[in-house]
Amino acid sequence: MTLNERLIAALSSAGVPVSPDQYDGDSTEYITFSYSEIPVYFGDNEPEFVRYLISVHWFLPGGVNPISSKRKIRKALTSAGFDAPDITPANDKDGQHYVFETEWLDGEAEG
């Protein structure tokens, strides 16, 4: 299972559209994600692992109480094997936006 597939499977339990990088649909509530790849633990000049720094972005309208859904998204990530995420609000005049930052260490550096 690719990292994208793993994230989509975990985050789909939130019941909103999930898309890597950018969401182009019509829903007012959705999740996107992106990640950086960092090769680590080199041997024979090749990485043994890839460390992924993952940002999950949950967008929703203002006025909606986010508490139970934030817990649900956090639990979905940890249940799928990701580290417990830090959650940072990035709300603005257009609505609510929460950023969940987590990590994944993959033992197959080739992807």
Side-chain angles (χ1 to χ4, degrees):
M1 178 181 288
T2 68
L3 181 56
N4 278 11
E5 292 168 339
R6 182 179 300 276
L7 284 163
I8 290 169
L11 296 167
S12 291
S13 67
V16 300
V18 178
S19 180
D21 301 317
Q22 178 177 320
Y23 174 70
D24 293 321
D26 296 325
S27 181
T28 58
E29 183 176 353
Y30 57 91
I31 295 172
T32 64
F33 63 86
S34 61
Y35 47 84
S36 299
E37 301 178 34
I38 303 169
V40 294
Y41 304 119
F42 285 80
D44 295 328
N45 211 22
E46 292 292 326
E48 296 292 325
F49 297 91
V50 175
R51 179 179 170 214
Y52 294 92
L53 304 179
I54 303 163
S55 293
V56 174
H57 299 264
W58 174 41
F59 297 89
L60 66 157
V64 175
N65 186 334
I67 292 173
S68 65
S69 292
K70 279 198 298 189
R71 290 180 183 147
K72 188 178 201 178
I73 293 169
R74 179 182 294 201
K75 179 70 175 165
L77 288 167
T78 58
S79 293
F82 296 97
D83 292 343
D86 294 330
I87 304 172
T88 304
N91 304 329
D92 61 20
K93 65 178 177 60
D94 294 327
Q96 297 183 74
H97 173 194
Y98 294 91
V99 181
F100 298 73
E101 294 177 305
T102 186
E103 295 185 20
W104 178 260
L105 187 63
D106 189 349
E108 297 184 26
E110 297 81 38

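For the numbers below, each heavy atom of this structure counts, side chains included, while hydrogens, waters and symmetry mates do not.
- Other residues, nucleotides and ligands place more than 12 heavy atoms under 6.0 Å from the CG atom of N65.
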| request: Could you walk me through whether F82 and L7 pass the side-chain contact (heavy atoms from CB on, under 4.5 Å) test, one step at a time? | output: CA-CA 9 Å; F82 296 97; L7 284 163; 3.6 Å; yes
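- Separation of atoms CG (L3) and OH (Y52) is listed at 6.0 Å; rounding is to 0.5 Å.
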For residues 87-101, tabulate all N or O donor-acceptor pairs below 3.5 Å that involve a side-chain atom, not counting sequence neighbours.
unit_1: N91; atom_1: OD1; unit_2: H97; atom_2: N; d: 2.7
unit_1: D92; atom_1: OD1; unit_2: D94; atom_2: N; d: 2.8
unit_1: D92; atom_1: OD1; unit_2: G95; atom_2: N; d: 3.4
unit_1: Q96; atom_1: OE1; unit_2: Y98; atom_2: OH; d: 3.0
unit_1: Q96; atom_1: NE2; unit_2: P61; atom_2: O; d: 2.9
unit_1: Q96; atom_1: NE2; unit_2: V64; atom_2: O; d: 2.7
unit_1: H97; atom_1: NE2; unit_2: H57; atom_2: ND1; d: 2.8

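- Note that the CD atom of E29 and the CD1 atom of I31 stand 7.5 Å from one another [nearest 0.5 Å].
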Donor-acceptor list for residues 66-80 side chains, cut-off 3.5 Å, not counting sequence neighbours:
unit_1: T78; atom_1: OG1; unit_2: R74; atom_2: O; d: 3.3
unit_1: T78; atom_1: OG1; unit_2: K75; atom_2: O; d: 3.2
unit_1: S79; atom_1: OG; unit_2: K75; atom_2: O; d: 2.9

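- Counting all heavy atoms, side chain and backbone alike, Y30 lies closest to V16 at CA-CG2, 4.1 Å.
- By the criterion of side-chain heavy atoms lying less than 4.5 angstrom apart, applied directly or through intervening Ile, Leu, Val, Met, Phe, Trp or Tyr residues, I54 is grouped together with I8 in one hydrophobic cluster.
- The stretch residues 31-40 participates, sequence neighbours left out, in these side chain to side chain donor-acceptor pair (under 3.5 Å) pairs: N4-Y35.
- The CH2 atom of W104 sits 14.0 Å away from the CG atom of L53 when rounded to the nearest 0.5 Å.
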